[in-house]
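Beneath this line is the structure, given in structure tokens, with notes to follow.
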Amino acid sequence: MEPIRVRFAPSPTGYLHVGGARTALYNWLFARRERGVFVLRIEDTDVDRSRPELAQAILDSLKWLGLHWDEGPYFQSQRLDRYRAVAARLEDAGAAYPCFCSADELQQKRERAAAEHRAWKYDGHCRNLSDADRARQRAEGRASALRFRVPESGATSFDDQVFGSIKLAHSDLEDFVLLRSDGNPTYHLSVVVDDLDMKITHVIRGADHISNTPKQILLFQALDAAVPNFAHLPLILGPDRQRLSKRHGATSVSAYQEQGILPEALVNFLALLGWTPPNQKELLSLEEMVEMFSIEAVSKSNAVFDTEKLAWMNSEYLRHLPLSRLLPLIQRELESAGLWQTAFADKEREKFEKSVTLLQSRARNLKDFSGFGRAFFTDHFEYDPEAVKKFWKDPVLADLLEALAQRLEKLLPFDLESTEKCLRSLAEEKGVKAGVLINGARVALTGQAVAPGLFEVMTTLGQDAVVNRLHRAARFLTEQTAPHSVSPVDSH
RNA sequence: GGCGCUAUCGUCUAGGGGUUAGGACGUGAGAUUCUCAAUCUCAAAACCCGGGUUCGAUUCCCGGUAGCGCUACCA
């Protein structure tokens with residue numbers, strides 16, 4: 001039995017698209033599951049649109065997702081001679097012929113047909129040129145492309161592993177170009193040659209290639225080669241059911257990375273877009289996916305990319321991430337937000353870890369740590385106007401917070417129980433509900449209406465910071481009712 | 001236009017000739033409470049339409065419709 005070999009073959013004309021990422025994932029899962037080989041190939045035969053740095057970016061994204069390849073990356077741009085040799089062989093065998101029609105001429109014919117509402121396909125203008133005709137054209141210095149000679153009758157069919165039997169009449173195919181007039185191969189030639197040379201047994205790719213498949217099968221046959229198995233994957237759509245594109249927002253893996261999405265969350269989410277494991281489980285590690293993956297279970301219909309579900313899944317992974325993995329991620333996040341301090345790694349390490357742990361349970365992505373978690377890492381934060389409106393409307397709060405500051409300053413020990421007892425007894429003495437004081441203090445300590453439990457916040461921040469921030473808030477509140485209000489950051 | 005493919009809650013999907021058509025995200029209500037998140041309970045929410053086949057179709061077949069894809073010297 002030949003070993004199973006699959007490939008992922010992106011073209012470096014953009015960053016790794018989430019659709020491409022899912023294709024890569026399914027290839028990877030299939031390879032692992034079948035103990036096969038996962039080949040990576042960069043399809044950069046379009047010299048105008050391909051960019052080397054994008055190839056590198058794609059590699060980086062793949063690695064970030066944890067989809068490591070066993071072979072490659074191969075670059076088609078380095079195999080040009082091979083494609084030309086195969087093309088020559090096809091031409092010698094009469095399976096392909098030179099076409100002298102210029103791009104302009106063809107374009108004109110196409111437009112004319114469109115204007116007359118006629119279907120257009122290449123009219124075979126150069127299909128039956130004699131050797132003398134060809135010699136003459138060449139003598140005139142006309143460049144030629146090489147076209148594949150599609151059989152006039154009959155049909156090509158194949159058994160797609162997800163879509164089932166698909167059949168296409170040859171009369172619906174045109175004599176497609178194999179070699180451009182500049183001598184570079186087109187996609188059809190290079191995929192087939194590569195899939196052949198790289199002994200690919202299963203071609204797993206997007207459903208946008210279904211229509212191309214019969215052409216490629218014809219090429220395999222013209223080359224006397226075995227035809228690989230095909231499995232096409234339904235497309236990923238935007239919320240408007242159009243193919244997912246920049247118009248819909250982020251489409252690249254790197255964009256989600258920048259949004260603070262975890263790779264395992266993105267992979268898990270992508271896996272479920274078109275595939276359900278037999279046990280219906282939704283939260284799956286790569287290992288579990290490998291265990292249960294099968295191409296037959298892949299859905300046939302296109303799927304809408306639901307960012308809400310991705311967000312949920314990300315928070316799910318984030319909440320369960322071990323601290324050892326989370327800490328370096330947060331360090332990077334704080335660094336890019338300008339909030340990182342070296343002390344977090346040594347002197348204040350314990351406080352830093354407590355802060356991260358506290359924030360972890362309600363964060364939806366990595367950005368949240370520098371966003372709503374800001375007050376845990378710096379004294380420079382602002383009072384959210386909404387929070388002020390909601391919890392600081394009672395005028396007695398200035399006095400209450402000041403009183404709280406004074407009591408907490410002397411409190412010993414300063415822990416979960418003592419701080420809570422301290423606050424509640426103060427509230428009772430002053431005849432206010434504890435909630436008023438708690439919420440008011442929360443805004444004072446974090447600047448926000450939404451934050452972790454107050455006493456956890458206090459013990460994490462530490463006695464000094466808590467007392468200072470309460471003083472500061474009390475001052476802010478008094479000044480606010482006075483004629484000239486001062487911003488909280490400046491007043492410190 | 002031609003050709004191809006697809007069609008179950010708003011979204012991702014399970015299921016399959018007889019089911020209260022199941023789950024997840026999201027949404028709504030409630031519990032909890034110190035705000036939010038988490039958690040728990042409950043709720044609303046779907047088989048595109050029309051013909052067949054059949055005792056019985058959401059399921060099988062055909063047609064329609066809609067959506068998507070391809071229709072390049074892009075991949």
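Letters A, B, ... mirror the listed sequences (proteins, then strands); counts begin at 1. Worth knowing before you read on, the calculation uses all heavy atoms, side chains too, and leaves out hydrogens, waters and symmetry mates.
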Open item on the list: Check this one for me: any side-chain N or O of A:R110 less than 4.0 Å away from OP1 or OP2 of B:rC73?
Closed with: yes

TODO: Quick one: label A:E43 by what it contacts on the DNA or RNA (base, sugar-phosphate, nothing), any heavy atom closer than 4.0 Å.
DONE: sugar-phosphate

Task: base_contact_polar (B:rG67 base, A:Q242 side chain, donor-acceptor, <3.5 Å) - done: no

TODO: Examine B:rC34: is either OP1 or OP2 under 4.0 Å from a nitrogen or oxygen in the side chain of A:R424? Give yes or no.
DONE: yes

Task: Whole-angstrom distance between B:rU6 and B:rA24, as gauged at atom C1' - done: 23 Å

Open item on the list: When the P atoms of B:rU8 and B:rU58 are compared, how many Å lie between them, rounded to an integer?
Closed with: 15 Å

Open item on the list: Please determine whether any donor N or O and acceptor N or O are separated by less than 3.5 Å between the side chain of A:R243 and the base of B:rC68.
Closed with: no

Open item on the list: Is it the case that B:rC3 (base atoms only) and A:S211 (side chain only) share a donor and an acceptor within less than 3.5 Å, ignoring hydrogens and angles?
Closed with: no

- [ ] May I ask you to say what A:T186 touches in the nucleic acid, namely base, sugar-phosphate or nothing, with a heavy-atom cut-off under 4.0 Å?
- [x] sugar-phosphate

TODO: Have a look at A:H209 and say if it touches a base, only the backbone sugar-phosphate, or nothing, with a 4.0 Å heavy-atom cut-off.
DONE: base

TODO: Remember a base hit wins even if backbone is also touched, and classify A:E308 as base, sugar-phosphate or nothing at under 4.0 Å, heavy atoms.
DONE: sugar-phosphate

- [ ] Both distances under 3.5 Å, Watson-Crick or G-U wobble: report the partner of B:rG16, or none.
- [x] none

Open item on the list: Distance check, P atoms only: B:rG67 and B:rU11, in whole angstrom units.
Closed with: 15 Å

Open item on the list: Within the 4.0 Å heavy-atom criterion, would you say A:F455 contacts the bases, only the backbone, or no part of the nucleic acid?
Closed with: base

Open item on the list: Reading RNA chain B from 5' onward, which residue's closest nucleotide shows up sooner: A:L273 or A:I438?
Closed with: A:L273

Open item on the list: Classify A:L454 by what it touches in the nucleic acid, base, sugar-phosphate, or nothing, heavy-atom distance under 4.0 Å.
Closed with: base

Task: Whole-angstrom distance between B:rG4 and B:rG17, as gauged at atom C1' - done: 30 Å

Open item on the list: Taking the C1' atom in each of B:rU13 and B:rG18, what is the distance between them to the nearest angstrom?
Closed with: 24 Å

Open item on the list: Categorize A:A303 for me: base, sugar-phosphate, or nothing, with a 4.0 angstrom heavy-atom threshold over every strand shown.
Closed with: sugar-phosphate

TODO: Could you check whether A:K390 gets within reach of a base, just the sugar-phosphate, or nothing at all, counting any heavy atom under 4.0 Å?
DONE: sugar-phosphate

- [ ] Indicate whether OP1 or OP2 belonging to B:rC12 is found under 4.0 Å from a side-chain N or O atom of A:R241.
- [x] yes

- [ ] Looking at every strand, decide which applies to A:P10 at a 4.0 Å heavy-atom threshold: base, sugar-phosphate, or nothing.
- [x] nothing

- [ ] May I ask you to evaluate whether A:R147 reaches the phosphate of B:rC73, defined as a side-chain N or O under 4.0 Å from OP1 or OP2?
- [x] yes

Task: For B:rC47, the Watson-Crick or wobble partner whose two distances fall under 3.5 Å - done: none

Open item on the list: Distance check, P atoms only: B:rU39 and B:rC48, in whole angstrom units.
Closed with: 32 Å

- [ ] Provide the distance between the two P atoms, one in B:rC68 and one in B:rC12, to the nearest whole Å.
- [x] 14 Å

- [ ] Kindly assign one of parallel, tilted or perpendicular to the pair A:F305 and A:F269, based on the angle between their ring planes and the thresholds 30° and 60°.
- [x] perpendicular

- [ ] Verify the contact: side-chain N or O of A:T45 to OP1 or OP2 of B:rA75, cut-off strictly under 4.0 Å; return yes or no.
- [x] yes

Open item on the list: Does A:C101 reach a base, just sugar-phosphate, or nothing at all? Heavy atoms under 4.0 Å.
Closed with: base

Task: Rounded distance in Å between the C1' positions of B:rU27 and B:rC9 - done: 12 Å

Open item on the list: Please verify the inter-ring angle class for A:H232 with A:F230; under 30° counts as parallel, over 60° as perpendicular, anything in between as tilted.
Closed with: parallel

TODO: State which of B:rG26, B:rC5, B:rC36 makes the closest approach to the side chain of A:F163.
DONE: B:rC5

Open item on the list: Assess whether a salt bridge exists between A:R127 and A:D175, defined as any Lys/Arg side-chain N lying under 4.0 Å from an Asp/Glu carboxylate O.
Closed with: yes

- [ ] For B:rA29, give its Watson-Crick or G-U wobble partner with both distances under 3.5 Å, or none.
- [x] B:rU41

